Amino acid sequence: MPWSNNPAVSDDAVIGEERKLATVLFADLVGSTALASGEDPERVRFRLERFYEGMADEVQGAGGTVEKFAGDAVLAVFGAPAALEDHAERALHAALAMQRRLGELFRGELALRVGVNTGEVVVGRAREGSSFVSGDAVNVAARLEQSAGAGEILVGERTVSAVRGAFELAEPQTVEAKGKPEGIAARRLVRALTLQRPRGVSGLHPAFVGRERELAQLQGAYRQVIGRRRPLLVTIVGDAGLGKTRLVRELWQWLAVEEPQPLQRTGRCLPYGQIAFWAFGEILKEQLGILDGDSPQSVLARLGDREILGLALGLDVAGNLHPLTARDRFQDAWVSLFEELTANRPAAVLVEDLHWAEDPLLDLLEHLLEGVHGPLLVLVTARPELLDSRPGFGGLRGETLVLEPLKAEATEELLSRLLGTDPPGLLGDVVAQAEGNPFFMEEVLGSLIDQGLLEHRNGGWAMKELPSGFLVPDTVQAVVAARIDLLAPAEKEALQAASVIGRIFWSGPVYELCPETEPNLRLLEERDFIRLRLGSSIEGEREYAIKHAVTREVAYTSIPRARRAHLHAAFASWVERFGGGRDEHAPLLAHHYTEACRPEDADLAWAGAEDEFEGLRLRAVAWLRRAAELALGRYEIDEGLEYLNRALQLETNDLGRSELWRRIGRANTLKYDGEAFWTAMLNSLEECSDRAESAQTYSELAFHTATRAAMWKRRPDPELVHGWIERALELSDPGTFPRARALIARSWYDPAVFANAAREASALAERLGDPELRSWALAARSRSSYATGAYGDAADWSRRRLELLPEIGDPDQVAFVYFYALDPPIAIGRFDEARRIAAAHEEVTRDLTVHHRLHGVACLLIVESAAGCWERIRDLHTAAERAVAANVATPCIYNPWSLLACALAEELLECPTRRAGSSRTRKPWEWKGTTSCSIRCASISPLRVATSTTSSGGSQRSRHPPAPATSKSSSHGWMRLPRSDGEISWRQRQQPCSSRVRTWSRSYYAPSASCGRIQN
Ligand SMILES: Nc1ncnc2c1ncn2[C@@H]1O[C@H](COP(=O)(O)OP(=O)(O)O)[C@@H](O)[C@H]1O
Ligand SMILES: [Mg+2]
């Protein structure tokens, strides 16, 4: 039989139900009543049978499956039950062929209308009378068919983008459909342009990268052929899209300018619907200048005494010859043709995509290599499947060139060259998903452009925000799915199970997840789907990796949601049993339990098994919370927040939800995200009806608001904060943590007024014994002493707090202890003590967030500016700039403050090249804080520094008018401000207490207050 319909794939490729990307074709006879009216029923039946047969023939010829005939309608599917990499193209070729066939059958009496559409379908076992594919794609195809005119083929947009370049289609139109308010976008199919879709993305610059070695190998093979005057075969092997054809195209260009110029001929094997020797037919046509429309007589005339070669063109030239005799003559004729062709000059012949060829063609190739005595280079391209089906192909006459994915640098270069400019940020990451396969890469780019996510603008490219998740274009998905479907059912099921486990997986759970089959993982290794890894992160288990992320994604999406859920649950339970529920498995367990009980799929997966679902849900929440706790402990705050947010989606209990919101709020304090903290805490309160819990939340809300002043872009109104403090005190029971925290917040917010709150908090904290709480209470005491000018006392309380450090484990808390211990020694002029504290603080902050790190540098600057050591500040300049640049998203007062201090140091030390105007972080800072520190920073921005430095001769000119204070005084006058901090603090100590209180009250950081004073 001359037609090959993907012989390697059987219906067994479907394990139970499966999700597939497929193209659905609906066809219906127009005027079929005319077919029946007035006719004898037997004749009607006869004609209908011919119609059915003709249509089925065309569908199957293109590799499709007839789903059903109903009346005079046909439903066919391409890409199901077994995936086809070119399902969309096949469907359109079939549609055209069906139209042609109908014309032939009924000589124009009847017309066909056809609708074609691509989409996700579920393939199941057929039930009697019903079809085995289902999904919206089927309904849409039916709707398109109903809207098509007689003889028309209407094609949905998803099909259109999958076949781009291979067909001519009319302008887009919109078809109305029930349940689709926007209608369905479709186009009328005009004609086929080529049998295979051209590759590449139109509008991008052509490029060729990273195959220098391979090209050199092919050039070497050609020189060898010339030197030895013998044929040589080079088999270029590589997965679809790795660049086999492209590589040969480069060689072809090189050959075209060689002396003597070789004869170059090309033939392709097609995936379906081909004549066995199609590739050689193409070579023959090219050689003899035969055109598609030529009559058999004229073709025979050109063949001359090599008439038997006509077999390659599908001509019946064998006559009564015995088939084996015909084969021998056919092969000999080819040898003689090539002998003749290579007599005077070398020849290079390319046969493309040999994995689709049948045995007779492979035999012919081998015969040529043996029989021809002349300089003939035979190149063939093939996917690795060829070596499975014909391991010894080429024998001694050949060499094999295996194409590997492009290296990362080559991929990057290709991307820049395709775009003609540097790629926009993040695009590199998206394209990296193609893992060095240039076809996948082009398809990803093409699909981004099609979706309007990547746009050519003003000579560059701009990218919009991408939808989250993996981006697999339909065309890539089809290629990968088709490869997976070549696997036997057991191995395919194993690959799917592995894809549920993850890109890295272990053999034990795969066997457990496929209880009814005995998959051979080695086979998956041989087919290059997976790789055994050295060592294993789970003792006693072989560890594997799925080679390509795209494979995992495609295998995973082919599993129906219901089965996915069960597989996730089974794997989670395996991990828990096997690993004993250890913390290190928390993220894994959290992920798999969560996926097992996704609320949106619960109806599919767990209908009738509500108890099981409930058990999974509880485990998911528990492991998400644990994973969050561990992540937050490592300062992976965003990761921790993600776990908590997912837990929130699954938690149904009010108290549980309130508690989760509180955890989310707390985590946001570590990020210094005041708005998120506040919102989460209010949500927690809203979900909560328990008094003690509410007291806890209010107390945390008040406490963090007071102690983490830097987390607010816009600080909450003091009245509001006082309200929270009062609520916390009102709701909390005496002697409890929430009460102690509320008291600390109260004294923190108004340290000079609420000294007794600090005292009460401290006594309570000592009773409760918790080191962190005791530490905060001591800080509150130090702060209230400081606020009333009792610096010696403040230093004593602070020292007691430092003594508690060995008992405090949380590095964020340790950082706080040092941070708040700085002011008292500075105030009493003990700069060395302050330096030690600042150094210890800086060290702790190194492993924390960018904001902590900025505080680390800022504290060093604070001490040195108070001490007036400008050289030391200058030495910190680069570190400070870096820390500010990293922390620019946090509304921290120390961002501008640090830059200002550095700028002043440069100015005072007369280093004009490094003034603040040259700072990388030139951002107009805006502060709406309440502390005097903020006021100071707001009034002296780095931009002003730029202004005043230029007024003394620099080239930088700021658009901002100088502040009155600045313009009146000399630039050096106000720039001495930070230095005066130290002086002022000395002087302050000599002043009577009452006057100090006025200026220092509400001070967040003492030197800032002094600044405010000088400005006045
Ligand atoms: N080395 C390369 N440099 C740039 N583009 C390439 C390279 N190799 C392949 N491509 C592009 O990737 C796409 C797929 O390549 P192709 O040669 O058709 O793959 P294959 O024949 O292996 O299936 C084509 O558009 C091709 O131009
Ligand atoms: Mg190719």
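No hydrogens, no waters, no symmetry mates; every other heavy atom, side chains included, goes into these values. In listed order, ligands and their atoms are each counted from 1. From a predicted model like this one, the values you see are computed outputs, not experimental measurements.
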Check your understanding: Looking at ligand 1, does any of its N/O atoms fall within less than 3.5 Å of an N/O of Leu414?
Key -> no
Check your understanding: Closer than 4.0 angstrom: is that true for some heavy atom of Ala240 and an atom of ligand 1?
Key -> yes
Point to revise | Distance-only donor-acceptor check, side chains Thr266 and Glu286, under 3.5 Å | key: no
Check your understanding: Okay, side chain of Thr65, backbone of Ala80: is any donor-acceptor separation there less than 3.5 Å?
Key -> yes
**Study point:** Any N, O or S atom of Thr245 closer than 2.8 Å to the Mg ion (ligand 2)
**Key:** yes
Review point. Side chains of Glu553 and Thr557: is there a donor and an acceptor less than 3.5 Å apart?
Key: no
Exercise for review: Say whether Val209, considering both its backbone and side-chain N or O atoms, lies within less than 3.5 Å of an N or O atom on ligand 1.
Suggested key: yes
Check your understanding: For ligand 1, does Leu403 get within less than 4.0 Å through its side chain, its backbone, both, or neither, judged by non-hydrogen atoms?
Key -> neither
Point to revise | Which residue and heavy atom of the protein sit nearest atom 18 (O) of ligand 1, plus the separation | key: Arg199 NH1, 2.9 Å
Practice item. Could you tell me the residue and atom name of the protein heavy atom closest to atom 26 (C) of ligand 1, and the distance to it rounded to 0.1 Å? Key: Glu442 OE2, 3.9 Å
**Study point:** Cation-pi check, Arg199 onto Phe439 ring (under 6.0 Å, within 45° of axis)
**Key:** yes
Revision key, fill the gap. Within 4.0 Å of some non-hydrogen atom of Arg211, the atoms of ligand 1 are 1 (N)
Check your understanding: Who's the nearest protein heavy-atom neighbour of atom 14 (C) of ligand 1, and how far?
Key -> Phe439 CB, 3.6 Å
Check your understanding: Which option, Asn437, Thr381, Thr245, owns the non-hydrogen atom nearest atom 21 (O) of ligand 1?
Key -> Thr245
Exercise for review: Check whether any side-chain N or O of Asp86 sits under 3.5 Å from a backbone N or O of Glu89 as a donor-acceptor pair, and report yes or no.
Suggested key: no
Point to revise | Axial cation check for Phe529 ring with Arg483, 6.0 Å and 45° limits | key: yes
Practice item. Say whether Gly243, considering both its backbone and side-chain N or O atoms, lies within less than 3.5 Å of an N or O atom on ligand 1. Key: yes
Practice item. Under 4.0 Å from a heavy atom of Ala207: give me the atoms of ligand 1 that qualify, with their elements. Key: 3 (N), 4 (C), 5 (N)
Review point. With no hydrogens and no angle check, is any side-chain donor or acceptor of Trp461 less than 3.5 Å from a backbone partner on Leu419?
Key: yes
Exercise for review: Specify whether Phe505 and Tyr544 have parallel, tilted or perpendicular ring planes, treating 30° as the upper limit for parallel and 60° as the lower limit for perpendicular.
Suggested key: parallel
Practice item. Give the residue, atom name and distance (to 0.1 Å) of the protein heavy atom nearest atom 12 (O) of ligand 1. Key: Pro438 CB, 3.4 Å
Review point. Is it true that the side chains of Glu352 and Thr245 contain a donor and an acceptor less than 3.5 Å apart?
Key: yes
Practice item. Only heavy atoms count here, so choose which of Glu352, Lys244, Arg246, Arg417 is nearest to atom 5 (N) of ligand 1. Key: Arg246
